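In what follows, a structure is listed as structure tokens, so that the remarks can point back to it.
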Amino acid sequence: MILSLTKICNIIKSILTKRALAILLMFFLIIILFPCISFAQEDTKKNNKEIEIEKIIIISGKVLDYRGEPVPSAEVKLLLTDKAGGIEYEDESEAFEDGSYSFEIEATRELVEQIDSGYLKIVLKVSKIAFASISRTLTKIRMAKQHGRWIFWEEVKLRRSPNAAFYISVFILLLVFILISMDVIHRTGVALLGVALLFLITYTLGIRDPNYYIISFERAVQYIDLNVILLLMGMMIIVAILEDTGIFKWLSIRSFELSGGSVVRLSLILVFITAIFSALLDNVTTMIIMTIITIEISLSLEIDPLSLLIPQIFASNIGGAATLIGDSTNVIIGSSADLSFGDFIKNMTPIAIINIFALIVITYFYYKNEYREARVKDAKKFIKELEKRYKITDKELLIKSTIIFLFVVVMFFIQDYLDMPSSVAALMGAGILLAWARADVIKKLEKVEWSTLLFLMMLFIIVGAVKETGFIDAITELIANFSRGNIIYAIILIIWVTAIMSTIIDNVPFIIAMLPVVKYLTNSIPGAENMILYWALSLGGCLGGNGSITGSSASMVTVGLAERLGYPIKFKQFLKKGLPVMLITIAISSLYLLFIHIL
């Protein structure tokens, strides 16, 4: 019985072993043969495909606005339609940041014959919110043949079409401007409210209806000029450390000493110093330094600091117009038009000097009574008293701070050669000085005008929104249309419209929007080859900044610093003084440009 069971087990084991071997053999055969079968099938498909595909049709191009600027994110549809209007093929894409788009069709022989015979038409449909949609039929005239391919290149130009988002964004811009002028809410709060309304409408009504879509968060961030924000932050940190040395109080004594006790002469000196520093350094950095010095002098003389400070704001914008590096708008214009430092000195410095003398006359007319009341009888005795109170408190820190400050100034001068933004120089200086001086970082950061920086950031977004919906483009298009190819009309329109718009909004975004228009007019209007329209644009942007607090970065920074030191400048107060200065200097500059053109 035992033997029989053993035999049975052996027999079963033998059967299982043979079956297992058979299964393993089949498995290996599948592994070996399956790829061969797959490759054979792929080769068959490839051969069939090569037989089916007759040509590769490539359709590409760019979507631009009327100025030739790219229109990113435009929706581009490609259709192959028959004579009855039926759609045989459809594809869609979105324009890239540079406005480019591209399609590729693998066309069969039949499809090629239908296109070649004209039975099928290649149609492009391009659309974007706030633009009028356009449909374009491609013709074989615009086709190139290359290595068995048909290549079409089609440049599509879209024109603005105002929609609900256009009018809402303009309304919010005006609302912000009105609320700031009323001084009911702090300007930073007003700017935040404006941005909040933009996003509220975009992400509620705009999601359901594209006509209400104003600006996305991603696009809004792109409009914030971080170079300006970080430049201001870096310089504010450096100035905060310099302030601890007592240097600003010492400089205020020296300025008063130069004036010989005359407040009128002192105002004259401060205006000239501000204008020169603004031209050689830049107007924002200059005003960060001069604001503190001016307030220290005013406190010593017991006069209203604003009687000295407001004229300096005007001088900073006028002086900044004189050179390539004086104002951020000039840097942008110079880079776009390939204008050198020498070009600005030759063409802009003379009119800047004329406008500074005009400002001196206006300043005397504004503040002559305040200046007369503050005259010091015994100037030498008064200076000695000030010297006892205001001394250099930390010489070691002053040496370190001066070295770093001069390093930053040198970096400003050579930034173009290094291809380096000005903010990088300021950040390097701030970082090195904080570490070298072992300063209390928290206390120094508390002195940074965060409310001013936040206000600027929100203002950039609001201006970006009206640019996104086409308001700024509409203004620039009107300038191009009204100039009618006449150089005199073009000069007057560019300088005055730019100045007025720079009074309402920050001048940097508007200058950027105007550059393609000025380039087009320079190339198309006889007599504009000497770049006179670029000088009109620069003067309009720089001098227009004097029209209101929101007109330039230098104005907004000065207002913020003065407010922190306890001397707030009201919107109406600034407008009352600044608007006449802007109108007079723009009128003088217009006559100067026309006189140059006639000569």
Side-chain angles (χ1 to χ4, degrees), residues 264-283 286-287 290 308 310-330 333-334 339-368 487-488 490-500 502-503 507 511 528 530-547 551-552 554-555 577-599:
V264 174
R265 202 175 297 130
L266 174 65
S267 175
L268 178 69
I269 291 168
L270 291 175
V271 164
F272 269 114
I273 290 173
T274 301
I276 293 168
F277 277 21
S278 295
L280 298 178
L281 196 56
D282 75 81
N283 53 8
T286 298
M287 287 313 300
M290 293 303 296
L308 295 175
I310 290 177
Q312 285 179 255
I313 297 175
F314 303 149
S316 72
N317 287 320
I318 294 171
T323 65
L324 175 64
I325 61 172
D327 194 287
S328 54
T329 56
N330 283 358
I333 292 169
L339 298 169
S340 67
F341 195 93
D343 291 330
F344 273 88
I345 293 291
K346 179 182 176 182
N347 293 279
M348 297 290 286
T349 302
I351 184 59
I353 293 170
I354 293 169
N355 281 325
I356 283 294
F357 280 107
L359 174 64
I360 290 169
V361 174
I362 297 168
T363 300
Y364 180 76
F365 176 77
Y366 279 161
Y367 298 109
K368 58 184 178 182
I487 185 65
I488 294 176
I491 291 170
I492 294 171
L493 280 168
I494 288 172
I495 192 170
W496 281 97
V497 173
T498 303
I500 292 166
S502 296
T503 299
N507 51 14
I511 293 293
N530 59 357
M531 307 302 243
I532 193 167
L533 298 183
Y534 284 103
W535 308 129
L537 181 66
S538 173
L539 287 166
C542 294
L543 304 182
N546 283 332
S552 70
S555 304
K577 304 292 186 183
L579 196 57
V581 171
M582 185 272 282
L583 294 173
I584 292 169
T585 54
I586 288 292
I588 293 170
S589 301
S590 300
L591 293 172
Y592 176 81
L593 291 175
L594 292 174
F595 180 72
I596 284 183
H597 174 70
I598 292 169
L599 287 180

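Everything quoted here is computed from the prediction, not taken from an experiment. Numbers here simply count residues along the sequence, with the first being 1.
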Any heavy-atom pair between the side chains of [Y] and [X] that's under 4.5 Å?
X	Y	result
Leu583	Trp496	yes
Ile313	Met287	yes
Val361	Phe365	no
Ile491	Ile532	yes
Ile584	Leu359	no

Once rounded to the nearest 0.5 Å, what's the spacing between atom [atom1] of [X] and atom [atom2] of [Y]?
X	Y	atom1	atom2	value
Asn283	Met290	CG	CE	13.0 Å
Met348	Tyr534	CE	OH	14.0 Å
Ile500	Ile586	CD1	CD1	9.0 Å
Ile318	Ser278	CD1	OG	10.0 Å

Residues in side-chain contact (heavy atoms from CB on, under 4.5 Å) contact with Leu591, at least two apart in sequence or another chain: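 Counting only residues at least two positions away or on another chain, Leu591 forms no side-chain contact (heavy atoms from CB on, under 4.5 Å).
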
Under the side-chain contact (heavy atoms from CB on, under 4.5 Å) test, which residues partner Ser589, sequence neighbours left out?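 Once residues adjacent in sequence are excluded, the partners of Ser589 under the side-chain contact (heavy atoms from CB on, under 4.5 Å) criterion are Ile351, Asn355, Ile495, Leu539, Leu543.
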
Taking atom OH of Tyr367 as the centre, does the number of heavy atoms from other residues, nucleotides or ligands within less than 6.0 Å exceed 12?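 Yes, because the 6.0 Å sphere around OH of Tyr367 holds more than 12 heavy atoms from other groups.
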
Has Phe272 got more than 12 heavy atoms of other residues, nucleotides or ligands less than 6.0 Å from its CZ?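 Check passes, neighbour count above 12.
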
Is a side-chain N or O of Thr503 found less than 3.5 angstrom from the main chain of Gly551, in a donor-acceptor match?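 No, Thr503 side chain to Gly551 backbone: no donor-acceptor pair under 3.5 Å.
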
Checking the side chain of Thr323 only, and the main-chain atoms of Ala279 only, is there a donor and an acceptor separated by less than 3.5 Å?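 Between the backbone of Ala279 and the side chain of Thr323 there is a qualifying donor-acceptor contact (under 3.5 Å).
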
Here's a test for you: under side-chain hydrogen bond (donor to acceptor under 3.5 Å, both in side chains), which of Asn347, Asn330, Thr329, Asp327 qualifies with Ser538?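 The residue from Asn347, Asn330, Thr329, Asp327 that satisfies side-chain hydrogen bond (donor to acceptor under 3.5 Å, both in side chains) with Ser538 turns out to be Asn330.
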
Any residue meeting ring pair (Phe, Tyr, Trp, His ring centres under 6.0 Å) with Phe344, in chain and number order, not counting sequence neighbours: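 With sequence neighbours excluded, Phe344 shows a ring pair (Phe, Tyr, Trp, His ring centres under 6.0 Å) to Trp535, given in chain and number order.
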
